[in-house]
Amino acid sequence: MQVGRFVHDRLLPIGTILLVIVLAWYVAAYAMNAPFQRDTDRRAGVTPTSSEFLVKTMSQPKPTMPAPHQVVENLWKNTLTVKPWSKRSLVYHAWITLSATLSGFAMGTALGVLIAIGIVHIPALDRSFLPWIIASQTIPILAIAPMIIVLLSAIGITGLLPKALISTYLSFFPVAVGMVKGLRSPDVLHLDLMRTYSANKVQTLWKLRIPASVPFFFTSMKVAIAASLIGAIVGELPTGAVAGIGSKLLAGSYYSQTIDIFAALIAGSIVAILLVTLVDLAGRFVNARMGARQP
Amino acid sequence: DKVTLQLKWVAQAQFAGYFVAKDKGFYEEAGLDVEIKPGGPDIAPEQVIAGGGADVIVDWMGGALAAREKGVGLVNIAQPYKKAGMELVCPADGPIKTEADFKGHTLGVWFYGNEYPFFAWMNKLGLSTEGGADGVTVLKQSFDVQPLIQKQADCISVMTYNEYWQLIDAGYKPEDLIVFNYSEMGNDLLEDGLYAMEDKLKDPAFAETMVKFVKASMKGWEYAIANPDEAAGIVMDNGGQDENHQKRMMGEVAKLIGEPDAKLIPEAYERTAKALLDQKIITKQPEGAWTSEITDKM
Amino acid sequence: MNPVISAQNLDLTFTTNDGPVHALSDITLDIDKGEFVSLIGPSGCGKTTLLRVIADLEQPTGGSISVNGMTPEQARIHRAYGYVFQQAALFPWRTIADNIALPLEVMGIAAAERATRVRDNMALVDLMGFENKFPWQLSGGMQQRASIARALSVQPDMLLMDEPFGALDEIVRDHLNSQLLKLWAKTQKTVVFVTHSIPEAVYLSTRIVVMSPRPGRIHSIIDCNLGADRPLDIRETPEFLAIAHQVREGLREGHSYEG
Amino acid sequence: MNPVISAQNLDLTFTTNDGPVHALSDITLDIDKGEFVSLIGPSGCGKTTLLRVIADLEQPTGGSISVNGMTPEQARIHRAYGYVFQQAALFPWRTIADNIALPLEVMGIAAAERATRVRDNMALVDLMGFENKFPWQLSGGMQQRASIARALSVQPDMLLMDEPFGALDEIVRDHLNSQLLKLWAKTQKTVVFVTHSIPEAVYLSTRIVVMSPRPGRIHSIIDCNLGADRPLDIRETPEFLAIAHQVREGLREGHSYEG
Amino acid sequence: MSAIRPNWQALAALVATLYALTALPFTATMGPALSLAVAALLAAGAILSMLRAARPIETTILAIASFGAAAMLLAGLTGAFGTANAGYFASLAAAWLLGWRLVTVLSGDGSHGDKGSSLVAIAVPALFGIWVLILWECIVRGAGVPFVLLPPPSAIGLRIAGSLPILAADFRQTVLKAVLFGYVVGSLAGFLVAILADRFRFLANGLLPIGNMVSALPMIGIAPIMVIWFGFDWQSKAAVVVVMTFFPMLVNTLAGLAASGDMERDLMRTYGAGHWQVLVKLRLQAAMPFIFNALKINSTLALIGAIVAEFFGTPIVGMGFRISTEVGRMNLDMVWAEIALAAIVGSLFYGGLALLERAVTFWHPSYRR
Ligand SMILES: Nc1ncnc2c1ncn2[C@@H]1O[C@H](COP(=O)(O)OP(=O)(O)OP(=O)(O)O)[C@@H](O)[C@H]1O
Ligand SMILES: Nc1ncnc2c1ncn2[C@@H]1O[C@H](COP(=O)(O)OP(=O)(O)OP(=O)(O)O)[C@@H](O)[C@H]1O
Ligand SMILES: [Mg+2]
Ligand SMILES: [Mg+2]
């Protein structure tokens, strides 16, 4: 029963969609790699048959669009055939990125919630601070990330923290925006109820506003975790591409190693999906604890 | 003594000398504890040194002089690279065969401080870089050769020791490519030199350290040029990618360095400064932007 | 004796997107300690609004009001009253027991005492066995009873109740009516009680305020001292029926149309 | 004549976090076309649940039910009924007039016709002048009336009403009672009506179903044919009082405690 | 009632001023007289503002003291790059504290009655911004932060004034082409996929995990690929923006669609309303607060995305191009000019959305209080 539902509700749909994507991907790989292959063949003076040509488009060392099996092979090689803590292992790089993402995400969520709480309770903050938070978010992080890292390393902060800080910077905003809305979403009637108890702000916050904001909270966290991941990867670039998914992307792009890029991307997205799923599960758990009606 | 060296780019054979010197213990012999920080496309070594994150940096003369005008007192203390490695390449079956064919075409150029030689050259040719039929369209090129493979640009920038070989790897044969080499055209600006802060150099102890540092570094270069395969291996150990590629790069880099004496050739400096002045990248003739004090003491 | 609630010429106008709504007009009313006052009147005449003004949930636009000799705001902050809303207003994420414990938590009452009070009041409204259910798992009447239990658990000196028994059947209602009366007699609470049931109003109250709408004002105030001890069958006595008739007449006069 | 609603041995058990709740047990009931059946019973005995099963909002866990000879689902999709919920359930982003127009929009009724029906039904429940207000600007009773108007505007053949007049004062209630009776007599609708008021049930119904709780089942079914024409003062006649007494006795028997 | 109404900002300002008196003069070019004048003004402002005066008087006192002192401190920096001492920064902090007090007084305590005044609504964030700039200017110039690390706002302002045509061209390229297109398409796509996934369980189960995955892709990785696929002009930047804005909209719309109440959904069921009718008339309405959240988050994400995407292959125009090349040229003032432009555009965009949100979700409890 459980297994059957899992197959029916998860495996089957995901499998189907994946299949469609893989097929489309192969078609795209052929279409995008073909012109270059034609040029190469022309320069080399060979005229391959169409099946030979097809195979060639799928096995270029630096294809415009790597074929799925090339990426899978690369992933396989870089995860399962090397020790997970070796520098060649994607697991190692994914772990580096994951740790920066998680710490950034934790700090960003905390900061976002704090800011939202401040904005909801302090009119001066709402008026003077919010516009500047918004403005701060429009600053392209990649432009100032190097400066931040340089500045921080000048005062002796290196390693995980600078990356985590950039993650924080990107992830607090979705949380703040969502939580401002969420904390303001309780029913007027429920707020009145708390007023009749002359509950203080902390009590109203803790017993009413925060529970009422839960749907907003988890939704924002999902967006924030994706943003943290971006932040962590951006933060890895100015450190000279030493370790992490970001460094793999960067190194791959210096040498046009598209297969490496794709493999790193996929590793990154696996990390992402893992994190988003975790948040989702946490959301479901909390929802169930809060007595939400089962669908 | 502790010395922090900020590279201009990621770890690759372009900086093999420094990695070798560290790996082979040349720095240690000189009594130095050197930390090598790799760079990347988003790292401005000038910023790092201004922020106190490094004692000495590898930089191109163009960037260094521009920073000097903005108040970062960079001084060239050594110039291991005698020649420039940058060139513009075009596929032979494309529309461009000579300088005269550039008009109306798209050229890939690196920015981030690497664009000065190109603009100096176009300036000399009298071509506008604003696009249109009488000028050239400039594409800010990513640090790879995709624009050429994708035919987004008619010519792209490469380094002799790096991207050129990526093209070869991608199936181009040398005869498939038309090459405009900045050094050969006499349009080159000085590349990878070593720069330190002016005010720190006034301290004799620091100057002394720099002498030791440059000397040990050049010993590293000498060793690297003599043992290119081993040098490539050392680079790989320090985070380089693609060993074959590093070996080839080591070979090409050796050609640019020539005699490893680290001495700056004043004519090359004058030419660089003039080109930058002509393009208004700097507004006044730089003073004291280089010194032979360090190399003289070696 | 000073009145516990004293309203002078209260006026309240809501501004809405399409013009003002005059909800209360010239309300003057004194309620003494220990009184049980019912508000009765046509739907929309301002009963809830008046109760909300007393509870400092709405600001009057004219006139003055004092509660316990303070402003309504101070009274609210001193937790002078318990309020039963017209809707149950239970928190969906709390079980019934936790919902009833909510005001006690806010007031910082110790866990053991809280548990006793929750248990007692759940028993009072006959909700034993539903402690761990969530509000949406309860019927409408059960939700309303939970909200009554929540207000009573506070043990306030003053009770403001907005149609607390509207969704209950006759038997439960009778039962709760007599329980409320007992509680009132025992603890000398002041109660302000909104209802639509004339018998209920007559049975419970010491005074009945009949209101009339548009704008909401006091039509008449009817005394109904049936004595402290009121068995349920007092409702068949002639005095009772006479007062009920009087209230019904007042209600009818205030109405815009005849039934 | 086939019954419009026919339930055989209906059973419904809710599964909740702390064990199952047996809400309906062995309900067998046939309702013919044109009947007016009231459900009465203690709070929490399953009246709402039974109505929801008829309306296909809840699936029985046992027994069978047909509506108009179809499954409840088909009947719902054929828009066989209008439903008045125990709570008003108005959409906060729609004005009152738009809320009443909502089902008409869903059913694709032309704008002009919609406007007429909205106007007529707002007048019926005495809400003229509140067309452009939003729900939170209305009193509790007004919201309930708006939700009645919304259900009536559909002009369904069958009406399922869950305590529609619970929050209304006596006068309005009497008025709406007689209006509903008129409508019923004129259009031969089938009505299933939940109420807590015994007089209301007796006054309106052709049959009264008395339910008892835990698990919810039918205690007794009481016929009450007072004839088609029922002035309001029929409520003082002995037949009326006799039936009311019978209902009250049934209710009392079903109760767990005595009032 | 005493005549004095102490508050912590003024008290702290007083303490800071007293400390500053121990370190006269403040900078190399600021004479002791001028330094003393600053301190005197600050002390007077702090003390007077604590008197129980009417609000207009209090605000006037605070404004004169804080801005007067700030102006003198700024003037004291001419030709004194990097020479400010601790006293200078103490008086700067005091001036800033008085400015903070000013903002607090202006925005009131949130009680009834002092809402509304639109002048205050604009003045308060503006004051905050002005103080950010003053502090920035004084710290950078006073402490002698190298220009290539952080230029002072005055230099940035000059550069903005001198580069309007360049900024306009960059704005056109980045915002009007890449951002707008990508924002609209990305948000719309996220919205539509959410609607479809909500309709077809199969899609939801299959597409959502993969959608999550694709959209959480780091943009750094996709930017070069987009350049390969869509060329180096604005289309590839728009594609990056599409990918970045897709996910927040997807997630939020899905959460929003689940937000409508059970009773309302039951009501629609009794009307035999079809899926789309329930969607349009009920669930989308209830989802609006969530959808606006996504639109707001996306408005800033889109801008970041487009700018960062221009760090890779691009034509030589655009805000991202300018930022990355001018960093290489050490023209940090130009970099910050572009950043300022981005901040202004983003804030306006966001503000417009907030207004629209208020109009569309007027019914939401958050606006009824
Ligand atoms: N927030 C509000 N905004 C605008 N008008 C309001 C608001 N609250 C109530 N009103 C109006 O004030 C009047 C009185 O409402 P109130 O809720 O006090 O009536 P009520 O006597 O409690 O009626 P009911 O018995 O139906 O609950 C009504 O006309 C209503 O429309
Ligand atoms: N969704 C649900 N989940 C679990 N239990 C439920 C649910 N809905 C109702 N119940 C339970 O079913 C029983 C009957 O509820 P129902 O709402 O039908 O009562 P009712 O007769 O309408 O009462 P009232 O007169 O108070 O409205 C109650 O005990 C209630 O707790
Ligand atoms: Mg009311
Ligand atoms: Mg019910």
Side-chain angles (χ1 to χ4, degrees), chain C residues 14 16-19 21 23 40-49 85-88 95 126-127 129-134 137-142 144-145 162-163 165-178 195-198 214 232 247-248 251-252 254-259, chain D residues 14 16-19 21 23 40-49 85-88 95 126-127 129-134 137-142 144-145 162-163 165-178 195-198 214 232 247-248 251-252 254-259:
Chain C
F14 290 105
T16 73
N17 45 332
D18 64 337
V21 176
I40 198 162
S43 165
C45 72
K47 304 179 292 298
T48 299
T49 308
F85 286 91
Q86 199 165 357
Q87 286 88 1
T95 60
D126 195 25
L127 277 180
F130 290 87
E131 288 83 0
N132 295 322
K133 297 274 186 293
F134 288 98
Q137 297 172 324
L138 260 55
S139 78
M142 292 158 94
Q144 208 177 26
R145 281 182 277 156
D162 198 350
E163 299 186 38
F165 305 139
L168 302 177
D169 64 290
E170 218 167 78
I171 316 284
V172 178
R173 195 164 180 153
D174 284 352
H175 171 70
L176 287 180
N177 273 346
S178 57
T195 181
H196 284 311
S197 160
I198 296 174
R214 279 171 231 180
L232 276 168
V247 174
R248 186 164 293 119
L251 206 55
R252 190 153 294 166
H255 248 287
S256 41
Y257 54 73
E258 289 304 286
Chain D
F14 291 105
T16 72
N17 44 336
D18 64 337
V21 176
I40 199 163
S43 166
C45 72
K47 304 178 295 293
T48 299
T49 307
F85 285 89
Q86 200 165 353
Q87 283 86 3
T95 60
D126 195 25
L127 276 180
F130 289 87
E131 289 82 1
N132 295 323
K133 296 272 185 295
F134 287 96
Q137 297 171 327
L138 259 56
S139 78
M142 292 159 94
Q144 207 177 28
R145 282 182 277 156
D162 198 351
E163 299 187 37
F165 306 139
L168 301 178
D169 63 293
E170 219 168 78
I171 316 283
V172 176
R173 197 165 179 151
D174 285 352
H175 170 71
L176 287 179
N177 273 347
S178 58
T195 181
H196 283 309
S197 161
I198 297 175
R214 282 171 227 176
L232 276 167
V247 174
R248 185 163 294 118
L251 205 55
R252 190 152 295 167
H255 247 287
S256 42
Y257 53 73
E258 290 301 284

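So you know, we letter chains A, B, ... as the sequences are listed, proteins then strands, and number each from 1.
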Q. Which heavy-atom pair separates C/Arg214 from D/Asp126 by the least distance, and what is that distance?
A. NH2-O, 4.3 Å
Q) So, does C/Asp169 use its side chain to make a donor-acceptor pair with the main chain of D/His196 at under 3.5 Å? A) no
**Q.** Gap between atom CZ of D/Arg248 and atom CG of C/Asp174 - 0.5 Å precision
**A.** 8.0 Å
Q. What option among C/Ile198, C/Val21, C/Thr48 has the most heavy-atom pairs under 4.5 Å with chain D?
A. C/Ile198
Q. With sequence neighbours excluded, what pairs up with D/Thr95 under the side chain to side chain donor-acceptor pair (under 3.5 Å) test?
A. D/Asp98
Q.
Please report the interatomic distance OG1(C/Thr16) to CG(D/Leu138), rounded to the nearest 0.5 Å.
A. 10.5 Å
Q: Could you tell me which residues satisfy side chain to side chain donor-acceptor pair (under 3.5 Å) with D/Gln87, sequence neighbours excluded, listed by chain and number?
A: none
Q.
Between D/Ser197, D/Gly166, D/Pro42, who has the most heavy-atom pairs with chain C when the cutoff is under 4.5 Å?
A. D/Pro42
(Q) I'd like to verify something: which residue of D/Gln86, D/Glu170, D/Arg173, D/Met142 has the highest number of heavy-atom pairs under 4.5 Å with chain C? (A) D/Glu170
Q | Heavy-atom pair count under 4.5 Å with chain C, highest-scoring of D/Lys133, D/Glu163, D/Lys47 | A | D/Lys133
Q | D/Ser43 versus C/Ser139, closest heavy-atom pair with distance | A | OG-OG, 3.8 Å
